Amino acid sequence: MHTRTSVQARHALIAPDGHVPSDFPHWSGVKAHVILSPAMGAAISQILVIFEEPRGTAFFPEDEHEHALYVEKGPVRAEWSGGTVGLADGGYLFTPARTNLVLHGDPGSRLTVFRKVFAEIPGTPAPPVTHGNAADVPDEPFLGNERARLQTLLPIHTHFDLAINIFTYQPGATLPFVETHIMEHGLLMLSGQGIYRLEDRYYHVEAGDAIWMAPYCPQWFAAIGDEPASYLYYKDIHRLP
Ligand SMILES: NC(=O)N[C@H](N)C(=O)O
């Protein structure tokens, strides 16, 4: 048997063919795949939630974890202590630590949640609940390259200790250099395909694949094929080491 999945000490490619669901207290009518987690050495968890039954429910209790989610396929209704919002395809939501989060979706609705312990700065307020839709977020050329464009979904403010971005490359476009940085990434390929360099290995990646890059994992991407390649990714930001 073959899989493109490869789990290394400081990076991982997780292809959908290996997914095995988990069940959690107060979750129902969903398939939940914990794609990345501290169990593999990551600081974050990346959880794929696929709703299977009407009024399926995913539940994240109020604790030290904050959550940032992206809806690949809606509709999804999110409820938290103090508010609620409906999210369609491309919708995103951030809820700060110490906030209950309940998600409901129709059968077939699908989203990715990034979950991490909030790195608090004493005396600074936690970032607020934030939501929107990627369709309304402008894309900017990345380091001057019109063919590799970046959308920054969450506001650039130092209250936030994380970012979730969408990178879209035209076929043949690449990251301009092999990046090596302190920021960790959790990543989901949304569409298209490409070659991802992780440390000294090169992987063929396609829509549905997830990647973990530990801090300082040398990384590079080239889009291949006939369609643009697009990925959603998480990074930790704005905190001194
Ligand atoms: N692998 C990546 O796409 N990295 C981004 N340029 C980033 O670090 O934000």
Side-chain angles (χ1 to χ4, degrees), residues 4-15 35-36 40-46 66 68-70 72 90 92 94 112 114 116 119 127 130 134 137-225 227-241:
R4 288 179 301 108
T5 293
S6 176
V7 179
Q8 305 296 320
R10 301 197 43 76
H11 75 261
L13 166 64
I14 308 285
I35 308 283
L36 310 179
M40 74 200 306
I44 46 138
S45 296
Q46 179 172 328
E66 58 189 352
L69 66 85
Y70 177 81
E72 275 183 271
Y92 62 87
F94 167 83
T112 284
F114 299 103
K116 76 180 271 296
T130 305
V137 178
D139 58 342
E140 305 287 347
F142 185 66
L143 300 180
N145 185 352
E146 297 287 344
R147 304 187 71 248
R149 304 183 75 91
L150 192 62
Q151 291 171 281
T152 306
L153 302 187
L154 296 179
I156 305 290
H157 190 292
T158 49
H159 290 184
F160 286 93
D161 68 346
L162 85 178
I164 46 168
N165 303 335
I166 295 178
F167 221 141
T168 303
Y169 301 75
Q170 295 305 310
T174 69
L175 272 179
F177 59 97
V178 180
E179 296 184 5
T180 308
H181 50 58
I182 189 171
M183 293 81 86
E184 176 182 45
H185 290 320
L187 182 154
L188 172 68
M189 285 296 296
L190 295 172
S191 59
Q193 54 174 320
I195 303 295
Y196 231 109
R197 174 186 168 149
L198 303 169
E199 299 184 87
D200 294 334
R201 299 185 181 209
Y202 292 80
Y203 297 95
H204 175 221
V205 296
E206 57 190 34
D209 289 348
I211 293 174
W212 170 53
M213 296 173 235
Y216 299 105
C217 168
Q219 58 202 253
W220 179 80
F221 180 73
I224 61 172
E227 295 164 19
S230 179
Y231 57 76
L232 168 77
Y233 71 102
Y234 147 90
K235 68 196 284 187
D236 53 313
I237 53 172
H238 292 154
R239 295 296 183 268
L240 277 167

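Keep in mind that what you see is a predicted model, and the values were worked out from it rather than measured. The figures here come from the full heavy-atom set of this structure, side chains too, leaving out hydrogens, waters and symmetry mates. Whatever order the structure lists ligands and atoms in, that order sets their numbers, starting from 1. We number each residue from 1, following the sequence as shown.
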Would you say Asn165 and ligand 1 have an N/O pair spaced under 3.5 Å apart?
-> no
So among Tyr169, Trp220, Tyr231, which one has a ring pair (Phe, Tyr, Trp, His ring centres under 6.0 Å) with Tyr196?
-> Tyr231
Any non-hydrogen atom of Tyr196 lying under 4.0 Å from ligand 1?
-> yes
Sub-4.0 Å atoms of ligand 1 with respect to non-hydrogen atoms of Lys235 = 7 (C), 8 (O), 9 (O)
What atoms in ligand 1 come closer than 4.0 Å to a heavy atom of Tyr233?
-> 5 (C), 7 (C), 9 (O)
Nearest protein heavy atom with distance in Å, relative to atom 4 (N) of ligand 1 = Glu179 OE1, 3.1 Å
At their closest point, which heavy atom of Val137 faces which heavy atom of Thr152, and how far apart are they?
-> CG1-O, 3.5 Å
Any chance you could measure Asn145, atom CG, to Leu150, atom CG, to the nearest 0.5 Å?
-> 11.5 Å
Work out which heavy atom in Leu187 is nearest to a heavy atom in Leu36; give both atom names and the distance.
-> N-CD1, 4.5 Å
Here the atoms of ligand 1 under 4.0 Å from any heavy atom belonging to Tyr231 are 1 (N), 2 (C), 3 (O)
Measure the distances from the heavy atoms of Gln219 to every atom of ligand 1 and state whether one is below 4.0 angstrom.
-> yes
Can you check whether Ala210's main-chain N or O pairs, donor with acceptor, with Gln46's side chain at less than 3.5 Å?
-> no
Under 4.0 Å to a heavy atom of His181 - the qualifying atoms of ligand 1, by number | 8 (O)
For Ser6 and Tyr203, the nearest pair of non-hydrogen atoms, with its separation, is OG-OH, 3.3 Å
Which atoms from ligand 1 have a heavy atom of Phe167 less than 4.0 Å away?
-> 3 (O), 6 (N)
Per-atom contacts of ligand 1 with Phe142, taking only distances under 4.0 Å to non-hydrogen atoms = 6 (N)
What's the shortest heavy-atom distance between His11 and Cys217, and which atoms?
-> CB-SG, 4.0 Å
